[in-house]
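All values below come from the heavy atoms of this structure, side chains included, with hydrogens, waters and symmetry mates left out.
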Amino acid sequence: MPDRAPEPVDRQLPTDEARDLISLVRDIARREIAPKAAEEEDAGRFPRELFTLLSQSGLLGLPYDAEYGGGDQPYEVYLQVLEELAAARLTVGLGVSVHTLASYALAAFGAKEQQAEYLPAMLGGGLLGAYCLSEPSSGSDAASLRTRAVRDGDDWVITGTKAWITHGGIADFYTVMARTGEEGSRGISAFLVPGDAEGLGAAVPEKKMGMKGSPTAQVHLDGVRVPDARRIGEEGQGFAIALSALDGGRLGIAACAIGLAQAALDEALGYATERRQFGKPIADFQGLRFMLADMATQIEAGRALYLAAARLRDAGRPFAKQAAMAKLHCTDTAMQVTTDAVQVLGGYGYTADFPAERLMREAKVLQIVEGTNQIQRMVIARHLAGPETR
């Protein structure tokens, strides 16, 4: 392992409170996350006790109102927290992003009574959330989902299967999109389903290429009964809620991708300055120097892109196009940078003794989750040229 300690990212933060927050996150990452990351990922262990610590530290509700236990932080600060967490271990950064995504529907569209009843525990009470939109036969085409909720008096009875659910089987609450009306996007509603609801279960977690410590599983809803008081927003508003949530969620994935890429660059730089060949450090060779320069430039560009989108969001301005651009660029950057990091380390990069190969495997999923990068290109093109002609 390289002995050279990486330089922390020089962040432009808006307040002293934000600077203190980043210092707290770096301390937690250094003491509690990074030392166990490789071992726990190899063992496929999810660090639930760490998420309890993150909740107690106020890190699971950062962009939400303090009135309900949130941190009242702008998105530009929250995303930089995610980046720091993901740099230490992607399972943790992405897990916080997914929890924040799962909390969004209630925080943004819930009635005041619902928010007062449920949000404090979700944001600061040690609970862990999951977001349920995709299904086995509807991934990118989410509007064709088949999970159905049928009204029964004051309750809804939900039946169906959700797929690719991060925290599936271990979450304390699930934000579930289900069909309550007509086919298509207008017939979908959103529900807050407790993790211990009767009839709710999960399949065995998927065996994945990377992020083995983060459980991803199908979630089965077999006649799960929830009261109408747990329906979020109006009937038929669920798909609009889902899309709105994904705009912010894509920025979360972008920030995680840059954190992962930064970790890979730090590893490559540390190795290149210490590894000697032909009587000098390999970082002295122009071919490697240019590679490191390109890696650093793409990371800085990605960071600037996701922060620009976050500042639009914080200002209440449209940011969907910029969110898609950030997700596209940052996750492609993560894949390229981690691949280059393996190359810099040569044969050692291909071994599990160094983190580069794990980072490369983890980067791949970021080009897929929360809208594949092909979908991001479609979203961007629609903003530029309008909808496709029929």
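- Residue pairs satisfying the ring-ring contact (aromatic ring centres under 6.0 Å, His included) criterion with at least one member in residues 190-246, sequence neighbours excluded, are listed as follows: Trp156-Phe191.
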Please report the C-alpha distance between Lys208 and Glu362 in whole Å, then the side-chain angles of each, then the deciding distance to 0.1 Å, and finally whether the salt bridge (Lys or Arg N to Asp or Glu O under 4.0 Å) criterion is met. CA-CA 10 Å; Lys208 298 177 299 185; Glu362 292 177 341; over 6 Å; no
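- Under the salt bridge (Lys or Arg N to Asp or Glu O under 4.0 Å) criterion, the residue pairs touching residues 209-225 are Asp152-Arg225, Asp155-Arg225, with sequence neighbours excluded.
- For the pair Lys112 and Tyr68, the cation-pi test (distance below 6.0 Å, angle within 45°) is failed.
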Run the salt bridge (Lys or Arg N to Asp or Glu O under 4.0 Å) test on Glu357 and Arg361 for me, step by step, so that the C-alpha distance in whole Å, both residues' side-chain angles and the decisive distance to 0.1 Å come before the verdict. CA-CA 6 Å; Glu357 62 85 28; Arg361 288 186 286 106; 2.9 Å; yes
Could you pull out all donor-acceptor pairs under 3.5 Å where a side-chain atom in residues 367-375 meets a protein atom, sequence neighbours excluded?
from, atom 1, to, atom 2, distance (Å)
Gln367, OE1, Lys364, NZ, 2.7
Gln367, NE2, Asp332, OD1, 2.7
Thr372, OG1, Ile375, N, 3.2
Asn373, OD1, Lys327, NZ, 3.0
Asn373, OD1, Thr331, OG1, 3.3
Asn373, ND2, Thr331, OG1, 2.9
Asn373, ND2, Asp332, OD1, 2.9

Please walk me through it: do Phe51 and Gln56 pass side-chain contact (heavy atoms from CB on, under 4.5 Å)? CA-CA 9 Å; Phe51 278 81; Gln56 292 170 346; over 6 Å; no
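- Residues Asp340 and Leu265 are not in side-chain contact: their nearest non-hydrogen atoms beyond the backbone lie 4.5 Å or more apart.
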Cut-off 3.5 Å, no hydrogens considered: what does the side-chain donor-acceptor table look like for residues 113-124, sequence neighbours left out?
from, atom 1, to, atom 2, distance (Å)
Gln114, OE1, Ala111, N, 2.8
Gln114, NE2, Ala229, O, 2.7
Gln114, NE2, Arg231, O, 2.7
Gln115, NE2, Leu106, O, 3.1
Gln115, NE2, Ala107, O, 3.0
Gln115, NE2, Gly110, O, 3.3

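- For residues 88-99, the pairs satisfying salt bridge (Lys or Arg N to Asp or Glu O under 4.0 Å) are Glu40-Arg89, Glu41-Arg89, with sequence neighbours left out.
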Tell me, with the steps shown, if Tyr174 and His167 meet ring pair (Phe, Tyr, Trp, His ring centres under 6.0 Å). CA-CA 9 Å; Tyr174 296 82; His167 304 153; 9.4 Å; no
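- Applying the salt bridge (Lys or Arg N to Asp or Glu O under 4.0 Å) test to residues at least two apart or on different chains, the pairs with a partner in residues 284-305 are Glu83-Arg303, Asp284-Arg289, Glu300-Arg303.
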